[in-house]
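To start, the structure under review is shown below, and the notes come after it.
The figures that follow rest on heavy atoms only: side chains count, while hydrogens, waters and symmetry mates do not.
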Amino acid sequence: MATQLFWDRMAPKYARKPVDDPDAYEEKLALVASMLKPSDRVLEIGCGTGTTALRLAPKVTQYTATDGSRGMIGIANAKLGPGAPANVTFHQADAADQIAGAPFDAVCAFSLLHLVEDVPGVVANVYSQLRPGGLFLSKTVCTKAAAWPIRALIPALTTLRIAPRVTPLSEADLLRFIEDAGFTVERAMHLGKKRMSPIIVARKPA
Ligand SMILES: C[S@@+](CC[C@H](N)C(=O)[O-])C[C@H]1O[C@@H](n2cnc3c(N)ncnc32)[C@H](O)[C@@H]1O
């Protein structure tokens, strides 16, 4: 609940904030789009204000995007006017919830997993909502890779409600959680200037 309130408060500012590293963002979109098929039904969890959903939806048959924050989903829904892809829907839901429409062909989670308290639980929930052979595409901030002053600062910023609560993760932690859930990791890579947010492509065995 505290997390949801944090993101509700942040939503208008988040919507105005330019993308950190536009080249890396475009590269990520191109990579994800190259892995999706036109026939795919996709679930995105932690979709924020829907920017990525609106870019990826034209590549697939159906795109269901969810976020725990009512504020984020309100802004996302306001973007669904004329000219928006007709195959995208936004819903308020926690990453631990089961979403109507499962099983999906692909589940995306961008800049989300480090924000949930039970990372293995959310990864297992993703697994359960994918069809056999389905893809899990994630990008996650791994703060264990940060310099110690930054790591030391995060809890203080969270207490001051300047930053959200963060689960400290390393890339190895994340890979283990994903593999322990039953996925086969196909790719793990870094895009852009920052080396702290691996993109992991994992597949549920067919
Ligand atoms: C850093 S933003 C990323 C938004 C978007 N995926 C992007 O890449 O721009 C993190 C988002 O995760 C959402 N979030 C945090 N914890 C969540 C949870 N447990 N369940 C669902 N959404 C959550 C927040 O509301 C916020 O919109």
Side-chain angles (χ1 to χ4, degrees), residues 1-4 6-7 20 24-25 27-29 31-32 35-36 40-48 52-53 56 64-69 72 93-99 101-148 150-152 154-155 157-158 163-192 194-206:
M1 181 50 107
T3 298
Q4 191 188 314
F6 173 87
W7 288 106
D20 264 354
Y25 179 68
E27 216 180 324
K28 177 187 82 176
L29 283 182
L31 174 79
V32 173
M35 295 190 171
L36 299 175
D40 278 353
R41 295 170 59 256
V42 176
L43 169 66
E44 182 184 347
I45 54 176
C47 69
T52 298
L56 291 175
T64 302
T66 65
D67 194 280
S69 157
M72 291 285 191
D94 193 87
D97 292 341
Q98 286 276 314
I99 305 302
F104 295 92
D105 299 298
V107 176
C108 301
F110 302 127
S111 303
L112 171 73
L113 290 178
H114 59 290
L115 299 172
V116 305
E117 287 187 34
D118 178 8
V119 181
V122 167
V123 173
N125 191 40
V126 168
Y127 189 89
S128 75
Q129 295 182 89
L130 273 170
R131 67 159 171 82
L135 272 184
F136 178 33
L137 302 141
S138 64
K139 181 167 187 264
T140 308
V141 181
C142 291
T143 56
K144 283 188 182 172
W148 75 261
I150 294 176
R151 276 183 290 153
I154 294 170
L157 295 177
T158 303
R165 196 205 63 79
V166 171
T167 297
L169 292 168
S170 66
E171 186 170 334
D173 294 334
L174 208 49
L175 289 168
R176 192 178 66 251
F177 292 147
I178 290 172
E179 286 176 341
D180 283 355
F183 285 105
T184 303
V185 172
E186 294 192 341
R187 295 173 80 171
M189 77 203 83
H190 292 261
L191 299 177
K194 293 187 186 159
R195 304 274 100 186
M196 240 173 59
S197 302
I199 292 182
I200 297 178
V201 178
R203 192 177 294 279
K204 180 169 176 170

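To the nearest 0.5 Å, atom CZ of residue Arg131 and atom CG of residue Asp105 are 4.5 Å apart. Taking NZ of Lys139 as the start and OG1 of Thr52 as the end, the distance is 9.5 Å to the nearest 0.5 Å. Rounded to the nearest 0.5 angstrom, Asp94 CG and Ile45 CD1 are separated by 9.0 Å. Interatomic distance, Leu169 CG to Cys142 SG, rounded to the nearest 0.5 Å: 5.5 Å. Interatomic distance, CG of Leu191 versus NZ of Lys28, reported as 9.0 Å (0.5 Å rounding). Distance check: Gln4 CD to Asp67 CG gives 9.0 Å after rounding to the nearest 0.5 Å.
Listed here is the closest heavy atom pair of Phe104 and Val42: CD2-C, 3.8 Å. Nearest heavy atom pair, residue Pro164 against residue Phe6, reads N-CZ, 3.4 Å. A pairwise comparison of heavy atoms in Cys47 and Glu44 identifies CA-OE2, 3.4 Å as the closest pair. Heavy atoms only, all atoms of each residue included: Trp7 and Leu115 are closest at CZ2-CD1, 3.6 Å. Nearest approach of Met196 to Pro198, heavy atoms of both residues: O-CD, 3.5 Å. Of all heavy-atom pairs spanning Ala188 and Glu171, the tightest one is CB-OE2, 3.8 Å.
Side-chain contact between Val32 and Phe110 is present, with at least one heavy-atom pair separated by less than 4.5 Å. Contact annotation: the side chain of Met35 approaches that of Leu135 to within less than 4.5 Å [non-hydrogen atoms, C-beta and beyond]. You'll find the side chain of His190 stays beyond 4.5 Å of the side chain of Ile199, heavy atoms only. Contact of the Val123 side chain with the Leu113 side chain is registered, since non-hydrogen atoms from C-beta on lie closer than 4.5 Å. Ile200 places none of its side-chain heavy atoms less than 4.5 Å from the side chain of Thr140.
Judged purely by atom type and a 3.5 angstrom limit, Ser69 uses its side chain to pair as donor or acceptor with the backbone of Met72. Side-chain atoms of Asp97 do not come within 3.5 Å of backbone N or O of Ile99 as any donor-acceptor pair. When atom types are taken as modelled, the side chain of Thr167 and the backbone of Val116 share a donor-acceptor pair closer than 3.5 angstrom.
Legend: residues meeting salt bridge (charged side-chain N to carboxylate O under 4.0 Å, His left out) with Glu186, ordered by chain and number and at least two apart, are Arg203. With sequence neighbours left out, Ser128 forms a side-chain contact (heavy atoms from CB on, under 4.5 Å) with Gln98, Asn125. By the side-chain contact (heavy atoms from CB on, under 4.5 Å) test, Tyr127 is found to be paired with Phe183, Lys204, Pro205, residues two or more places apart in sequence or in another chain being considered.
Arg187 CZ: 12 or fewer foreign heavy atoms inside a 6.0 Å radius.
Listed by first and then second residue, the salt bridge (charged side-chain N to carboxylate O under 4.0 Å, His left out) pairs involving residues 113-124 are Glu117-Arg165 (not counting sequence neighbours). Pairs passing the salt bridge (charged side-chain N to carboxylate O under 4.0 Å, His left out) check and including a residue from residues 119-128, sequence neighbours excluded, do not occur.
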Should Arg41 and Thr64 be marked as a side chain to side chain contact (heavy atoms under 4.5 Å, CB included) after you check the CA-CA gap, both sets of side-chain angles, and the distance that decides it? CA-CA 8 Å; Arg41 295 170 59 256; Thr64 302; over 6 Å; no
Only pairs under 3.5 Å count here: list side-chain donor-acceptor contacts from residues 173-181, not counting sequence neighbours, and write none if there are none.
unit_1: Asp173; atom_1: OD1; unit_2: Ser170; atom_2: OG; d: 3.3
unit_1: Asp173; atom_1: OD2; unit_2: Lys144; atom_2: NZ; d: 2.9
unit_1: Asp173; atom_1: OD2; unit_2: Ser170; atom_2: N; d: 2.9
unit_1: Asp173; atom_1: OD2; unit_2: Ser170; atom_2: OG; d: 3.2

